[in-house]
Amino acid sequence: SNRAKTARAEAEHTLKSVLPKIINLGVTDPSKSVREAIVSSLDSRFDRYLVQADNLNALFIGLYDECFKVRQYVVCILGRLSEANAAYVLPALRKLLLQLLKEFDYTRDSIVRENCSILLGNLIYSTPRLLSPYLESLMNSIIPKLIATPNEPNVAIAIMRTIGILAEVSGREIGAYLAKLLPEILE
């Protein structure tokens, strides 16, 4: 009916005008629990709005949030959105991938290494098409860290999960690294 169409159009218009404000709040609110609650609620029902440039720009800010959970949610959201707007999203995710690899390689802080590994796993899982050109860099970064973490079980577990995601996403491509990887896993 005409009434239903009008109501849907009004709801659509309201959502289009309110959602950017909610997203901005989700990446700028001083309270990490508010930011986490907002970004955790941005599921696939909102994708057709989230994929718009202004909303993506706001979400990009969340990639560098001080709260690790917020960063995790944003990585997964952007990975999901990369299918709909690859030209806009993939460069930011590629930059994040390279930053995570660099941070993973150079930090001595075990919590930072664990978080980097978890974010790498989230990024790889949610954006598998980003992986191919970086598989060698990833493996060359991850394997030495796995070897170097015998006294850091949380880091080793996070690395193993990331390797599992890499294996799932890359398929046969990871086979070239099995000779290096299996002895470390079994040790």
Side-chain angles (χ1 to χ4, degrees), residues 23 26-33 35-36 38-40 42 50 56-83 85-170 173-174 176-178 180-181 184-185 187:
I23 295 167
V27 296
T28 62
D29 194 272
S31 169
K32 70 179 180 182
S33 61
R35 295 190 313 273
E36 186 178 337
I38 290 171
V39 296
S40 70
L42 297 175
L50 294 174
L56 287 171
N57 285 332
L59 286 170
F60 292 153
I61 294 167
L63 289 172
Y64 304 98
D65 197 281
E66 66 182 340
C67 175
F68 179 67
K69 284 273 194 203
V70 170
R71 289 195 315 262
Q72 279 188 288
Y73 284 122
V74 172
V75 163
C76 293
I77 291 166
L78 290 171
R80 189 178 72 231
L81 296 175
S82 71
E83 293 296 317
N85 195 346
Y88 205 79
V89 176
L90 286 179
L93 293 181
R94 196 173 296 114
K95 178 181 176 186
L96 176 66
L97 174 67
L98 296 173
Q99 286 173 337
L100 287 171
L101 284 172
K102 185 182 287 187
E103 194 171 351
F104 191 76
D105 280 342
Y106 294 108
T107 188
R108 293 189 177 273
D109 185 327
S110 63
I111 293 172
V112 172
R113 272 200 309 259
E114 179 183 0
N115 289 348
C116 281
S117 184
I118 292 168
L119 284 175
L120 281 168
N122 290 341
L123 183 59
I124 292 161
Y125 185 77
S126 64
T127 321
R129 66 196 272 185
L130 187 65
L131 173 67
S132 290
Y134 301 101
L135 181 61
E136 184 176 352
S137 296
L138 279 162
M139 295 309 293
N140 288 336
S141 181
I142 287 176
I143 292 171
K145 293 297 184 249
L146 185 61
I147 294 166
T149 59
N151 298 325
E152 299 172 336
N154 289 344
V155 176
I157 290 168
I159 292 171
M160 293 296 291
R161 285 188 181 134
T162 300
I163 290 170
I165 292 168
L166 277 166
E168 183 180 334
V169 169
S170 70
E173 292 178 52
I174 203 168
Y177 302 95
L178 288 178
K180 280 185 185 175
L181 196 55
E184 299 308 322
I185 291 172
E187 216 172 85

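Starting from 1, each residue takes its place in the sequence as its number.
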Inter-residue atom distance [X].[atom1] - [Y].[atom2], 0.5 Å rounding:
X: K102; Y: C116; atom1: NZ; atom2: SG; result: 12.5 Å
X: I118; Y: L123; atom1: CD1; atom2: CG; result: 13.5 Å
X: Y177; Y: L135; atom1: OH; atom2: CG; result: 5.0 Å
X: L81; Y: C76; atom1: CG; atom2: SG; result: 11.0 Å
X: L130; Y: L93; atom1: CG; atom2: CG; result: 6.5 Å
X: T127; Y: N122; atom1: OG1; atom2: CG; result: 9.5 Å

For [X] and [Y], work out which heavy atoms get closest and say how close.
X: S31; Y: S33; result: OG-OG, 2.9 Å
X: L90; Y: R129; result: CD1-NE, 3.6 Å
X: V75; Y: L63; result: CG2-CD2, 3.7 Å
X: E173; Y: S132; result: OE2-OG, 3.8 Å

Heavy-atom check, side chain of [X] versus side chain of [Y], under 4.5 Å:
X: L97; Y: L131; result: no
X: I124; Y: L138; result: yes
X: F60; Y: K95; result: no
X: L119; Y: L96; result: no

| query | Is there a donor-acceptor contact under 3.5 Å from the side chain of S40 to the main chain of E36? | reply |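 Judged by distance alone, yes, a pair lies under 3.5 Å.
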| query | Would a distance-only check, ignoring hydrogens and angles, find a side-chain to backbone donor-acceptor pair under 3.5 Å from R35 to V27? | reply |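 Checking the backbone N and O of V27 against the side chain of R35, no donor-acceptor pair under 3.5 Å is found.
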Donor-acceptor list for residues 152-167 side chains, cut-off 3.5 Å, not counting sequence neighbours:
residue: E152; atom: OE1; partner: R113; partner atom: NH2; Å: 2.3
residue: E152; atom: OE2; partner: R113; partner atom: NH2; Å: 2.8
residue: T162; atom: OG1; partner: S117; partner atom: O; Å: 2.6
residue: T162; atom: OG1; partner: S117; partner atom: OG; Å: 2.9
residue: T162; atom: OG1; partner: A158; partner atom: O; Å: 3.0

| query | Do the side-chain N and O atoms of Y88 and N57 include a donor-acceptor pair separated by under 3.5 angstrom? | reply |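 There is such a pair (donor and acceptor under 3.5 Å, judged by atom type) between the side chains of Y88 and N57.
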| message | Are there over 12 heavy-atom neighbours, none belonging to E136, within less than 6.0 Å of that residue's CD? | response |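 Open.
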| Quick check: are there more than 12 heavy atoms from other residues, nucleotides or ligands sitting under 6.0 Å from CG of L98? |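 Result for CG/L98: enclosed.
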| What do the steps show when you test V70 against V74 for side chain to side chain contact (heavy atoms under 4.5 Å, CB included), and what is the final call? | CA-CA 6 Å; V70 170; V74 172; 4.2 Å; yes
| L59 and L42: side chain to side chain contact (heavy atoms under 4.5 Å, CB included), yes or no, with the steps? | CA-CA 11 Å; L59 286 170; L42 297 175; 4.1 Å; yes
